[in-house]
Amino acid sequence: QAQLVESGGGLVQAGGSLRLSCAASGLTFSTYAMGWFRQAPGKEREFVAAISWNGGYTNYADSVKGRFTISRDNAKNTVYLQMNSLKPEDTAVYYCAASPLPYGSSGYSRSDKYAYWGQGTQVTVSS
């Protein structure tokens, strides 16, 4: 059974950095596109970033472009989200997810295209 486990969340001051990790098991990780989504209190879950199965294609929400970087290590079955220049509006629960979408698909930002989800990790950015 597929399992995704996020880690690395926490409390950080505005302008600081965090690196989230998502460890996958129970699936052929190297064949899945991976994505990060987030959900703030009272808001809908939103797309943050995605990466293709081989890391050759990435996609970001406009709100995080230039500040966040998604990467993956298929040998370790892990996807990462490096978050720099954090802002209070980045405060949310961050989820990783796995999708069978092919390379470069336009559907990477759609949560309904992801088959497996982690339990989430809290990121809080103080002003």
Side-chain angles (χ1 to χ4, degrees):
Q1 185 171 351
Q3 187 174 17
L4 303 177
V5 179
E6 302 96 335
S7 61
L11 174 64
V12 63
Q13 287 189 333
S17 298
L18 282 174
R19 187 194 196 202
L20 305 184
S21 299
C22 172
S25 60
L27 73 165
T28 308
F29 179 76
S30 61
T31 66
Y32 282 82
M34 298 298 296
W36 286 97
F37 291 76
R38 67 186 181 187
Q39 187 166 19
K43 295 187 177 182
E44 294 187 354
R45 187 173 299 186
E46 64 174 1
F47 169 75
V48 175
I51 188 167
S52 62
W53 64 272
N54 64 350
Y57 176 87
T58 57
N59 188 22
Y60 296 92
D62 288 343
S63 59
V64 307
K65 278 181 183 177
R67 299 189 298 123
F68 290 12
T69 302
I70 188 171
S71 62
R72 66 189 296 161
D73 185 338
N74 286 346
K76 296 182 178 180
N77 286 0
T78 301
V79 62
Y80 306 97
L81 185 68
Q82 178 67 44
M83 305 185 296
N84 298 329
S85 302
L86 282 162
K87 305 175 182 180
E89 51 264 43
D90 294 318
T91 295
V93 177
Y94 283 71
Y95 300 89
C96 72
S99 171
L101 284 175
Y103 183 93
S105 171
S106 61
Y108 282 1
S109 62
R110 293 178 52 176
S111 61
D112 63 330
K113 297 300 184 181
Y114 288 78
Y116 304 108
W117 291 82
Q119 83 290 348
T121 186
Q122 176 71 47
V123 171
T124 303
V125 184
S126 63
S127 57

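Keep in mind that the numbers below use all heavy atoms, side chains included, and drop hydrogens, waters and symmetry copies.
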Could you work out, with side chain to side chain contact (heavy atoms under 4.5 Å, CB included) as the rule, every residue matching Thr91, not counting sequence neighbours? Gln122, Thr124, Val125

To the nearest 0.5 Å, how far apart are OG in Ser7 and OH in Tyr94? 15.0 Å

side-chain hydrogen bond (donor to acceptor under 3.5 Å, both in side chains) pairs touching residues 69-78, sequence neighbours excluded, are Arg72-Asn74

Main chain of Pro88, side chain of Ser127: is a donor-acceptor contact present, judged purely on distance under 3.5 Å? no

Hey, what do you get for CZ (Arg110) to CG (Leu101), rounding to the nearest 0.5 Å? 9.0 Å

Nearest atoms (heavy-atom pairs only) where Pro100 meets Ala115: CD-CB, 4.4 Å

Determine, stepwise, if the pair Phe29 / Val79 fulfils side chain to side chain contact (heavy atoms under 4.5 Å, CB included). CA-CA 10 Å; Phe29 179 76; Val79 62; 4.3 Å; yes

Indicate yes or no: at least one non-hydrogen side-chain atom of Gln39 is less than 4.5 angstrom from one of Ser111. no

From CG (Leu18) to CG (Asn84), nearest 0.5 Å: 9.5 Å

To the nearest 0.5 Å, how far apart are CG in Leu86 and OG in Ser126? 10.0 Å

Same cluster or not: Val93 versus Val64, using hydrophobic residues (I, L, V, M, F, W, Y) connected whenever any side-chain heavy atoms lie under 4.5 Å apart? no

Is it the case that the side chain of Gln119 and the backbone of Val5 share a donor-acceptor pair, with hydrogens and angles ignored and the cut-off at 3.5 Å? no

Indicate yes or no: at least one non-hydrogen side-chain atom of Val48 is less than 4.5 angstrom from one of Met83. no

So do the side chains of Trp53 and Thr31 get within less than 4.5 Å of each other, counting heavy atoms only? no

Can you find a pair of side-chain heavy atoms, one from Trp36 and one from Phe68, that are under 4.5 Å apart? no

Check whether any side-chain N or O of Arg67 sits under 3.5 Å from a backbone N or O of Ser63 as a donor-acceptor pair, and report yes or no. yes

Do Ser52 and Tyr108 have side chains that get closer than 4.5 Å, going by heavy atoms? yes

Ignoring hydrogens and angles, tell me if any N or O in the side chain of Glu6 forms a donor-acceptor pair with the backbone of Gly120 under 3.5 Å. yes

With a 3.5 Å distance limit and no angle check, can you tell me whether Tyr32 reaches the backbone of Thr28 through a side-chain donor-acceptor pair? no

Nearest 0.5 angstrom please: Cys22 SG to Tyr116 OH, how far? 13.5 Å

Main-chain N/O of Gly56 paired to Tyr103 side chain as donor or acceptor, under 3.5 Å: yes

At their closest point, which heavy atom of Ala24 faces which heavy atom of Leu27, and how far apart are they? CB-CD2, 3.6 Å

Which other residues end up in the same hydrophobic cluster as Tyr80, if Ile, Leu, Val, Met, Phe, Trp and Tyr are linked when side-chain heavy atoms come under 4.5 Å apart? none

Tyr114 with Ile70, same ILVMFWY side-chain cluster at under 4.5 Å: no

Salt-bridge test for Lys87 and Asp90: reply yes if a basic N is under 4.0 Å from a carboxylate O, no otherwise. no

Under 4.5 Å between side-chain heavy atoms, counting indirect links through other Ile/Leu/Val/Met/Phe/Trp/Tyr residues: same cluster for Leu20 and Phe37 or not? no

